[in-house]
Amino acid sequence: MVMVVTAIIAMFLLCSPSSVAILLNKLPLPAPLTGPESLAFDRNGGGPYVTSSDGRIFKYVGPNEGFREYAYTTPNRNRTICDGLADFSVVQAICGRSLGLGFNHQTGDLYAADAYLGLVKIGPNGGGNVTQLSAPAQGNSTRFADGLDVDPDTGIVYYTIASTNYQLKDFQTVVSSGSGDSSGSLLRYDPSTNQTTVLLSNLTIPSGVAVSANGSFVLVSEYLANRIQRVWLKGPRANSSEIFLQLAGRPDNIKRNSRGQFWISVNSFLGSPRSPGCSTLPSGVRVTENGFILQIVSLAEEYGAEAASEVQEYNGTLYGGSLLASYATIFTP
Ligand SMILES: *[C@@H]1O[C@H](CO)[C@@H](O)[C@H](O)[C@H]1NC(C)=O
Ligand SMILES: *[C@@H]1O[C@H](CO)[C@@H](O)[C@H](O)[C@H]1NC(C)=O
Ligand SMILES: *[C@@H]1O[C@H](CO)[C@@H](O)[C@H](O)[C@H]1NC(C)=O
Ligand SMILES: *[C@@H]1O[C@H](CO)[C@@H](O)[C@H](O)[C@H]1NC(C)=O
Ligand SMILES: *[C@@H]1O[C@H](CO)[C@@H](O)[C@H](O)[C@H]1NC(C)=O
Ligand SMILES: *[C@@H]1O[C@H](CO)[C@@H](O)[C@H](O)[C@H]1NC(C)=O
Ligand SMILES: *[C@@H]1O[C@H](CO)[C@@H](O)[C@H](O)[C@H]1NC(C)=O
Ligand SMILES: *[C@@H]1O[C@H](CO)[C@@H](O)[C@H](O)[C@H]1NC(C)=O
């Protein structure tokens, strides 16, 4: 019952955000790159580090230089073919395309969920020092890894496989066809044993993931199902899952803030007639550990009709990422 009430409130509020975010700064990627889908900060507070359309990971080093190349996910990268690649190119399959990012602050390793290579680990000095951690794809299944979070206490990596039927280059087709592909899954990689386990499968384009502050549960967003599921990891409900939040739009990445709350980026229905009044999406939605909505901010000024993939609160500042835009953003709610 509580869940139903929350759902109705969420649908209402998403059509009338409580505030409109004010854009403070755009951090442009080197042209012609796009798609800083997710952001991460290193243990010294450096960054943001962002993903990009040509598979490289960039670090923001300040307003003078902007983004500087940090790493890439294919060790034998051919720069003639790969550097400067646009998103949704078939060549991304050999150049890599990271989507989710997260540091292990104890080791300095950067983990990336790559749409073509699966889960990879990049050593503390970046560059091409990359270890592939996903098993090779079987048959026609893909390694379309998408969302990622690292538990800061245990170093355990949670990540999603968005689909085993489709690849990133097919993504817009899947979204517009409304096929409702449910071949996605949520996985857990334990670096101390190298073991990967599946926590939840049959997910509808699971795009974002975040572990709770004390590691007692993990949230996973299902982009095409407009909802977020919670998987309990500890306590009496361990190993069970439930609906955490039903939304009026498409939830992408989820990021925990320093108070243990979560920011969810939510996009529009992409033309669905079911959302005639929701022209103010995309939005950032801040919720408590219990799924209670605290704040909704419109990202219309930051991203307009383009996808807002991530909202992340860091050092008291809000950062935005996008699969389609050519820049990351800094904004205030
Ligand atoms: C975050 O705060 C720390 C401590 O004040 C500072 O060293 C770091 O540069 C900040 N990072 C960013 C990205 O603002
Ligand atoms: C990289 O790709 C270019 C263009 O296809 C090709 O001419 C070159 O030989 C490749 N370099 C390597 C090291 O494979
Ligand atoms: C590569 O990364 C691993 C950890 O992921 C690290 O132990 C190793 O020292 C790194 N190698 C270089 C050459 O940086
Ligand atoms: C994957 O393979 C199965 C079995 O051959 C087939 O039914 C399915 O359509 C394939 N999916 C794609 C996306 O090619
Ligand atoms: C995990 O895999 C890496 C890379 O394949 C290997 O270097 C390491 O020894 C393995 N660790 C364990 C505990 O199996
Ligand atoms: C659920 O996922 C499993 C494993 O990926 C698969 O074998 C099964 O067919 C799926 N069930 C449905 C109803 O899609
Ligand atoms: C984790 O935190 C939640 C919320 O603060 C609390 O209810 C729960 O008991 C904690 N679980 C563990 C295992 O510490
Ligand atoms: C959850 O699953 C793990 C691994 O299968 C098992 O060790 C644990 O006992 C289970 N916990 C509960 C509460 O069922």
Side-chain angles (χ1 to χ4, degrees), residues 21-31 33-42 46-61 66-71 73 86-88 92 96-103 110-115 145-150 159-160 162 168 171 205-210 219 221 223 249-257 262-268 281-286 297-315 317-333:
I22 297 160
L23 178 66
L24 298 180
N25 208 353
K26 276 188 182 177
L27 313 179
L29 282 173
L33 302 179
T34 59
E37 145 102 9
S38 72
L39 310 102
F41 296 88
D42 65 30
Y49 294 70
V50 296
T51 58
S52 80
S53 56
D54 79 358
R56 284 182 288 173
I57 292 162
F58 290 85
K59 176 186 181 181
Y60 186 73
V61 292
F67 281 108
R68 179 191 292 170
E69 180 182 310
Y70 176 70
T73 52
D87 241 328
F88 308 114
Q92 279 185 321
R97 184 8 168 159
S98 295
L99 295 171
L101 276 188
F103 273 99
L110 176 62
Y111 288 88
D114 189 291
D146 191 343
L148 181 145
D149 193 20
V150 180
Y159 69 104
T160 66
L168 178 63
F171 182 66
I205 314 291
S207 46
V209 57
L219 298 180
S221 59
Y223 192 79
R250 309 243 184 259
D252 202 334
N253 292 346
I254 311 171
K255 287 286 160 179
R256 190 184 51 256
N257 70 13
F262 302 97
W263 277 101
I264 306 157
S265 72
V266 182
N267 288 285
S268 72
L281 296 168
S283 301
V285 179
R286 182 164 61 95
V297 291
S298 164
L299 302 177
E301 193 188 342
E302 288 69 26
Y303 293 111
E306 292 185 306
S309 305
E310 175 164 314
V311 172
Q312 184 168 170
E313 189 175 336
Y314 183 76
N315 271 4
T317 300
L318 286 172
Y319 293 83
S322 166
L323 178 64
L324 302 175
S326 60
Y327 50 84
T329 54
I330 299 178
F331 58 90
T332 186

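What you are looking at is a predicted structure, and each value in this text was computed from that prediction instead of being measured.
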Checklist entry - Quick one: does Gln92's side chain have a donor or acceptor within less than 3.5 Å of a partner on Ser53's backbone? => result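 Present.
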Nearest heavy-atom neighbours spanning [X] and [Y]:
X      : Y      : result
Val50  : Pro36  : CB-CB, 3.7 Å
Lys59  : Asp42  : NZ-OD2, 3.9 Å
Ser322 : Ala325 : OG-N, 3.0 Å
Leu148 : Val150 : CD2-CG2, 4.0 Å
Asn267 : Ala307 : OD1-CA, 3.4 Å
Leu299 : Ala21  : CD2-CB, 4.0 Å

Output the distance between atom [atom1] ([X]) and atom [atom2] ([Y]), rounded to the nearest 0.5 Å.
X      : Y      : atom1 : atom2 : answer
Ile57  : Leu101 : CD1   : CG    : 5.0 Å
Ile205 : Thr160 : CD1   : OG1   : 9.5 Å
Tyr159 : Tyr111 : OH    : OH    : 11.5 Å
Leu27  : Tyr327 : CG    : OH    : 11.0 Å
Asp146 : Leu99  : CG    : CG    : 5.0 Å
Trp263 : Asn257 : CH2   : CG    : 8.5 Å

Checklist entry - Can the ring centres of Phe41 and Tyr319 be said to be less than 6.0 Å apart? => result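 Yes: the rings meet the under 6.0 Å criterion.
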Item to check | Test of ring centre spacing under 6.0 Å for Tyr70 and Tyr60 | outcome: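 No, they do not, as the ring centres are separated by 6.0 Å or more.
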Kindly indicate whether the side chain of [X], heavy atoms from C-beta on, has any atom under 4.5 Å from the side chain of [Y].
X      : Y     : value
Phe88  : Thr34 : no
Ser326 : Leu29 : no
Tyr314 : Leu39 : no

Checklist entry - Can Tyr303 and Thr329 be said to form a side chain to side chain contact (heavy atoms under 4.5 Å, CB included), step by step? => result CA-CA 9 Å; Tyr303 293 111; Thr329 54; 3.0 Å; yes
Is it the case that [X] and [Y] place a side-chain donor and acceptor less than 3.5 Å from each other?
X      : Y      : answer
Ser221 : Ser207 : yes
Thr73  : Asp114 : yes
Glu37  : Thr51  : no

Item to check | Parallel, tilted or perpendicular: rings of Phe67 and Phe58 (30°, 60°) | outcome: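 It falls in the perpendicular class, over 60°.
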Next on the checklist: Please verify the inter-ring angle class for Phe171 with Tyr223; under 30° counts as parallel, over 60° as perpendicular, anything in between as tilted.
Outcome noted: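 Answer is tilted, since the angle falls between 30° and 60°.
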Checklist entry - In chain order, what residues pass the salt bridge (charged side-chain N to carboxylate O under 4.0 Å, His left out) check against Arg256, with sequence neighbours excluded? => result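 By the salt bridge (charged side-chain N to carboxylate O under 4.0 Å, His left out) rule, Arg256 matches Asp149.
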Item to check | Positive for side-chain contact (heavy atoms from CB on, under 4.5 Å) with Asp87, one of Asp54, Leu324, Leu168, Leu33 | outcome: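 Going through the options one by one, the only one that passes is Leu168.
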Next on the checklist: For a side chain to side chain donor-acceptor pair (under 3.5 Å) check, start with the C-alpha distance between Asn315 and Thr317, then their side-chain angles and the critical distance, and finish with the verdict.
Outcome noted: CA-CA 5 Å; Asn315 271 4; Thr317 300; over 6 Å; no
